[in-house]
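Comments concern the structure below.
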Amino acid sequence: MNNFAYLADKPEYRAFSKDCIDAEAALRTSCDSCVKLVRTAVDAALKWLCVAENKTAPDNLFELIENAGLDKNLADKLHRCRKLGNAAIHNEQEFTDADARQCLENLFNLIQHIDKHHGKNFTPRTFRTCADNPLQTELCGIKLNTPIFAASGTFGFGEEFESFVDLKRLGGVMVKCITLKPRRGNDGVRITETPAGMLNAIGLENPGVDAFLNKILPRIKDKMNVIVNISGSSVEDYAKLAKLLDVDGVKAIELNISCPNVKDGGIIFGTDETQAARVTHAAKNATRKPVIVKLSPNVTDITKIALAVESAGADCLSMINTLMGMEINIHTWRPTIGNITGGLSGGAVKPVALRMVWQTAQVVKIPIIGMGGIRNAADAAEFFLAGASAVAVGTANFAEPAVTMTIADDLETYLRSCGLKNIRDLVGKLKT
């Protein structure tokens, strides 16, 4: 894989290198996207070729291929790439792995032609397809290109990261928490860095469910698997939100019953098994979507809460939410965070999160999305071994916006080094 990656180190090819690299990356997630991107890359490379050979690039892209000085066989291949690309753009047909791979090989032939005349020769390559992707899996009936999610509150509504991340390659994006009415959030300082992570007390600032449904969801629903994180001040709030979000474009609903930085609702549901079960039951009865319950670590025995929500109908667990913490400014003698306390996340919480995922996986039958301090593929692999079926990356996104893609690449390398054919073969294989 990564046959086009070397182009990134050739500044003379910058006009088309990114398009080629993006097209190949898309092969592992969406054949249709791959075919679309090949068309874009072909056009960019042909225009570069015209400039390199002191030719005027015609506006008509059919003529662009004909005037590029290519042999008829290659010209015919590129015409086919453009034809299929147009069909993909207009959603006229669905494409197979074979279609996408052939388009990529045709593109590679064009780049080989360019490199032969304007660079150095290189050998033909082969392309691995969706069917060869060991990270492909399924969760609650949702097809995942990778079992790596972006955690709520750290990734906005997904579109903010489009320049850094292939959103379709993610398992999904757990979007910023949504409430019935808009919230302005907490006053004062909301975020502070800690030695191995951060404290936050945002207070669930969000535009409200109506704005999300009418303005935001239409923009993002086709770009990724959208998981909507919701929070309320009462059981009825959760039920109303679950019902309102039972719409096309929402893949699942994540119940935020464990946020430690709001003054109303939230944490009381996550620390009491009876209340947690009531919220889960109400939401589950109000929607046809899978219901994921996000558990609080701020409890004596997290397995009791997990079993309670499983019995109430939860389809999946996500764990853990942030630990409650605080920081004091020794010069002012006041808390740094305006809310006094906030949620601790980042590398510092990983050992706690890992322990809780392992404990919970021993007693529940529903899948777990593990999270808490995941910064690299090694961290992610630990969670899979402990029993998680997927993982979510949170605080690390702030430091490295493309970290989820790096984790996916390195996790695939790790699986292959272990001789494993699929990520499912790693889940729960901890040796004790």
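Residue numbers start at 1 and run along the sequence shown.
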- Task: Quick one: do Glu105 and Asn109 satisfy side-chain hydrogen bond (donor to acceptor under 3.5 Å, both in side chains)? Show the steps, please.
- Result: CA-CA 6 Å; Glu105 290 174 352; Asn109 289 337; over 6 Å; no
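- Sorted by first and then second residue, the salt bridge (Lys or Arg N to Asp or Glu O under 4.0 Å) pairs involving residues 144-158 (not counting sequence neighbours) form an empty list.
- Side-chain atoms of Thr40 and Asp43 form no donor-acceptor pair, as typed in the model, at a separation below 3.5 Å.
- A salt bridge is defined here as a Lys NZ or Arg NE, NH1 or NH2 lying under 4.0 Å from an Asp or Glu carboxylate O, and Asp166 with Lys223 fails to meet this definition.
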- Item | Intermediate values then yes/no, side-chain hydrogen bond (donor to acceptor under 3.5 Å, both in side chains), Asp409 and Thr406 | CA-CA 5 Å; Asp409 291 338; Thr406 302; 5.8 Å; no
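- Counting heavy atoms from C-beta outward, Ile142 and Leu144 have side chains that approach closer than 4.5 Å.
- For Gln136 and Asn422, the side-chain atoms include no donor-acceptor pair closer than 3.5 Å.
- In summary, of the residues considered (Val175, Val173, Ile292), a side chain to side chain contact (heavy atoms under 4.5 Å, CB included) with Ile227 occurs for Ile292 alone.
- Scanning all heavy atoms of the two residues, the minimum distance from Trp48 to His118 falls at CH2-CB, 3.9 Å.
- Salt bridge Glu159/Arg219: present, at least one basic N to carboxylate O contact under 4.0 Å.
- The side chain to side chain donor-acceptor pair (under 3.5 Å) check on Arg375 picks up nothing, with sequence neighbours excluded.
- For Asp246, the side chain to side chain donor-acceptor pair (under 3.5 Å) partners two or more places apart in sequence, or in a different chain, are Arg288.
- In this view, Asp248 and Lys221 satisfy the salt bridge (charged side-chain N to carboxylate O under 4.0 Å, His left out) rule, not counting sequence neighbours.
- Heavy atoms from other residues, nucleotides or ligands lying under 6.0 Å from CD of Glu160 number more than 12.
- Applying the ring-ring contact (aromatic ring centres under 6.0 Å, His included) rule to Trp358 yields no partners; only residues at least two apart in sequence or on another chain are considered.
- With no hydrogens or angles considered, no side-chain donor-acceptor pair links Thr360 and Thr303 at under 3.5 Å.
- Using a 3.5 Å distance cut-off with no hydrogens or angles, the side chains of Ser152 and Glu254 do not pair a donor with an acceptor.
- Sorted by first and then second residue, the ring-ring contact (aromatic ring centres under 6.0 Å, His included) pairs involving residues 376-412 (not counting sequence neighbours) form an empty list.
- Partners of Lys350 under the salt bridge (charged side-chain N to carboxylate O under 4.0 Å, His left out) rule, at least two apart in sequence or in another chain, are Asp379, Glu382.
- Environment of NZ in Lys143: sparse, with no more than 12 heavy atoms of neighbouring residues, nucleotides or ligands closer than 6.0 Å.
- In this structure Lys284 satisfies the salt bridge (charged side-chain N to carboxylate O under 4.0 Å, His left out) test together with Asp315, sequence neighbours excluded.
- For Lys72, the side chain to side chain donor-acceptor pair (under 3.5 Å) partners are Asp76, not counting sequence neighbours.
- By the ring-ring contact (aromatic ring centres under 6.0 Å, His included) test, Phe161 is found to be paired with Phe155, residues two or more places apart in sequence or in another chain being considered.
- With hydrogens and angles ignored, the 3.5 Å screen pairs a side-chain donor or acceptor of Asn206 with a backbone N or O of Leu204.
- When the ring-ring contact (aromatic ring centres under 6.0 Å, His included) test is applied to Phe157, the partners found at least two apart in sequence or on another chain are Phe212.
- Of the N and O atoms on the side chains of Asn86 and His90, not one donor lies less than 3.5 Å from an acceptor on the other residue.
- For the residue pair Thr146 / Arg169, no side-chain donor-acceptor distance below 3.5 Å is found, with atom types taken as modelled.
- Applying the salt bridge (charged side-chain N to carboxylate O under 4.0 Å, His left out) criterion to Arg190, with sequence neighbours excluded, gives Glu205.
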